[in-house]
*Asks:* 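I am attaching a structure below and will ask some questions about it afterwards.
Below, each value reflects all heavy atoms present in this structure, side chains not excepted, and no hydrogens, waters or symmetry copies. What you see is a predicted model; the values in this text were computed from it and never measured.
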Amino acid sequence: LGEEADPHLNAVTDAGSGTLVIVGERGTFLRSTDGGENWQKLGFPYKGSMFGVLSWGDGRLMAYGLRGNVYESQDLGSSWSKVETQGSTSLMGGLALPGGGAVLVGANGTVLARSASAAAFAMSTYKTANDETPALAGIAPMGDGKYVLVGDKGVDQYHLQ
């Protein structure tokens, strides 16, 4: 990792074919093409924190994080494009869906979803039974458009509109 001091690495994903990628704070992006034996630090277009990274196993990656920043790569992180998200709420959890679709979750009950890689993200807000908008940290599929959300107010089911 060279002279990286206290890098605060936040997420790792398996990008397929022995490639692993890590994102972290201050625009940290690391890639290994040999199953984690060796790592290369690559440039990232945003110098803030990325809290998660998704992979579709075909070279496509999506990194998301602080202030609603989302970036997508088609070449395992060699180049990146900014993705519009309609907001500036930090995103802390995500789930890759078939065809480049994704669901991202974050602060203030934020849920961003797209059905395919060419589709725009649609934003919705999750509220608890007590009408609170929690900071969401993770999401997992249940099937039939239902998901499990986890955050600072506990665990709940969510049906994606």
*Asks:* Judged by atom type as modelled, is there a donor-acceptor pair below 3.5 Å linking the side chain of Asp152 to the main-chain atoms of Ala135?
*Replies:*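 Yes; at least one donor-acceptor contact below 3.5 Å.
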
*Asks:* Give a yes or no answer on whether the side chain of Asn10 reaches the backbone of Met50 with a donor-acceptor pair at less than 3.5 Å.
*Replies:* yes

*Asks:* For the atom pair CD (Glu72) and OG (Ser79), what is the distance rounded to the nearest 0.5 Å?
*Replies:* 11.0 Å

*Asks:* Could you report the tightest heavy-atom contact between Val23 and Phe29, atom names first, then the distance?
*Replies:*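 Shortest heavy-atom separation between Val23 and Phe29 comes out as CG1-CD1, 3.9 Å.
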
*Asks:* Give a yes-or-no answer on whether the side chains of Arg67 and Thr89 include a donor-acceptor pair shorter than 3.5 Å.
*Replies:*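 The criterion, which ignores hydrogens and geometry beyond distance, is not satisfied for Thr89 and Arg67.
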
*Asks:* So do the side chains of Thr110 and Val105 get within less than 4.5 Å of each other, counting heavy atoms only?
*Replies:* no

*Asks:* Does Tyr64 use its side chain to pair, donor to acceptor, with the backbone of Gly94 at less than 3.5 Å?
*Replies:* yes

*Asks:* How long is the straight-line distance from OG of Ser115 back to CG of Leu160, given to the nearest 0.5 Å?
*Replies:*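 The CG atom of Leu160 sits 10.0 Å away from the OG atom of Ser115.
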
*Asks:* Between Ser124 and Tyr158, do the side chains contain an N or O donor and an N or O acceptor separated by less than 3.5 Å?
*Replies:*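 The criterion, which ignores hydrogens and geometry beyond distance, is satisfied for Tyr158 and Ser124.
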
*Asks:* What are the two closest heavy atoms between Gly36 and Leu20, and how far apart are they?
*Replies:*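 Closest heavy-atom pair between Gly36 and Leu20: N-CD1, 3.8 Å.
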
*Asks:* So, the side chain of Gln157 versus the backbone of Tyr147: is there a donor-acceptor pair under 3.5 Å, distance only?
*Replies:*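 Looks like no, no N/O pair under 3.5 Å.
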
*Asks:* Is Trp80 reaching over with its side chain to a backbone N or O of Tyr46, donor-acceptor style, under 3.5 angstrom?
*Replies:* no

*Asks:* Rounded to the nearest 0.5 Å, what separates atom OG in Ser117 from atom CD in Gln74?
*Replies:*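 With rounding to 0.5 Å, OG (Ser117) is 6.5 Å from CD (Gln74).
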
*Asks:* Looking only at non-hydrogen atoms, find the nearest pair between Ala11 and Gly52 and report the distance.
*Replies:* CB-CA, 3.6 Å

*Asks:* Looking at side-chain heavy atoms only, is the closest gap between Tyr126 and Asp156 below 4.5 Å?
*Replies:*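 Side-chain contact under 4.5 Å: yes.
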
*Asks:* With the 4.5 Å side-chain cut-off for hydrophobic clustering, are Val111 and Leu66 part of the same group?
*Replies:* no

*Asks:* Do the side-chain N and O atoms of Ser32 and Asp34 include a donor-acceptor pair separated by under 3.5 angstrom?
*Replies:* yes

*Asks:* Could you tell me whether a side-chain N or O of Thr13 sits under 3.5 Å from a main-chain N or O of Ala15, the two making a donor and an acceptor?
*Replies:*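 No; judged by distance alone, with no hydrogens or angles, the pair does not exist.
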
*Asks:* Keeping the roles fixed (side chain from Lys153, backbone from Val150), state whether a donor-acceptor pair exists under 3.5 Å.
*Replies:*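 Between the backbone of Val150 and the side chain of Lys153 there is no qualifying donor-acceptor contact (under 3.5 Å).
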
*Asks:* For the side chain to side chain contact (heavy atoms under 4.5 Å, CB included) test, which of Leu30, Thr28, Val53 pairs with Ile22?
*Replies:* Leu30

*Asks:* Between the main-chain N or O of Gly16 and the side-chain N or O of Asp14, is there a donor-acceptor pair closer than 3.5 Å?
*Replies:*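 Confirmed, Asp14 side chain pairs with Gly16 backbone.
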
*Asks:* Please check if Leu112 and Leu136 belong to a single hydrophobic cluster, counting links between Ile, Leu, Val, Met, Phe, Trp and Tyr side chain heavy atoms closer than 4.5 Å.
*Replies:*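 No, Leu112 does not connect to Leu136 through the hydrophobic network.
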
*Asks:* More than 12 heavy atoms of other residues, nucleotides or ligands under 6.0 Å from NZ of Lys146: is that the case?
*Replies:*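 Check fails, neighbour count at 12 or below.
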
*Asks:* If only side-chain N and O atoms count, and only distance matters, is there a donor-acceptor pair under 3.5 Å linking Ser73 with Asp75?
*Replies:* yes

*Asks:* Can you check side chain to side chain contact (heavy atoms under 4.5 Å, CB included) on Leu97 and Val103, steps first, answer last?
*Replies:* CA-CA 8 Å; Leu97 302 175; Val103 182; 3.7 Å; yes

*Asks:* Any link between Val148 and Leu95 through a network of hydrophobic side chains (Ile, Leu, Val, Met, Phe, Trp, Tyr) touching at under 4.5 Å?
*Replies:*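 No, because Val148 and Leu95 fall into different hydrophobic clusters, even though each may have its own neighbours under 4.5 Å.
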
*Asks:* Applying side chain to side chain contact (heavy atoms under 4.5 Å, CB included), run through Leu76 and Arg31 and close with a yes or a no.
*Replies:* CA-CA 8 Å; Leu76 292 171; Arg31 180 176 66 195; 3.8 Å; yes

*Asks:* Any idea which heavy atoms bring Gly100 and Trp56 closest together, and the distance?
*Replies:*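 That would be CA-NE1, 3.3 Å.
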
*Asks:* Between Glu84 and Arg114, does any side-chain N to carboxylate O distance fall below 4.0 Å?
*Replies:* no

*Asks:* What is the distance from atom CE of Met142 to atom CG of Leu149, rounded to the nearest 0.5 Å?
*Replies:*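 One finds 10.5 Å between CE of Met142 and CG of Leu149.
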
*Asks:* What verdict does the side chain to side chain contact (heavy atoms under 4.5 Å, CB included) test give for Leu42 and Phe44, after you've listed the backbone C-alpha separation in whole Å, the side-chain angles of each residue and the deciding distance to 0.1 Å?
*Replies:* CA-CA 7 Å; Leu42 299 174; Phe44 194 77; over 6 Å; no

*Asks:* Give the intermediate values and the outcome of side chain to side chain contact (heavy atoms under 4.5 Å, CB included) for residues Met62 and Val70.
*Replies:* CA-CA 7 Å; Met62 179 180 288; Val70 177; 3.7 Å; yes

*Asks:* Does Leu54 share a hydrophobic cluster with Leu61, counting links as ILVMFWY side-chain heavy atoms below 4.5 Å and allowing steps through other members?
*Replies:* no

*Asks:* Rounded to the nearest 0.5 Å, what separates atom CG in Asn108 from atom CD in Glu132?
*Replies:* 12.5 Å

*Asks:* Between the side chain of Asp58 and the main-chain N/O of Arg60, is any donor-acceptor distance below 3.5 Å?
*Replies:*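 Yes: the side chain of Asp58 pairs with the backbone of Arg60.
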
*Asks:* Could you tell me which non-hydrogen atom of Leu91 sits nearest to which non-hydrogen atom of Phe51, and how far apart they are?
*Replies:* O-CD1, 3.3 Å

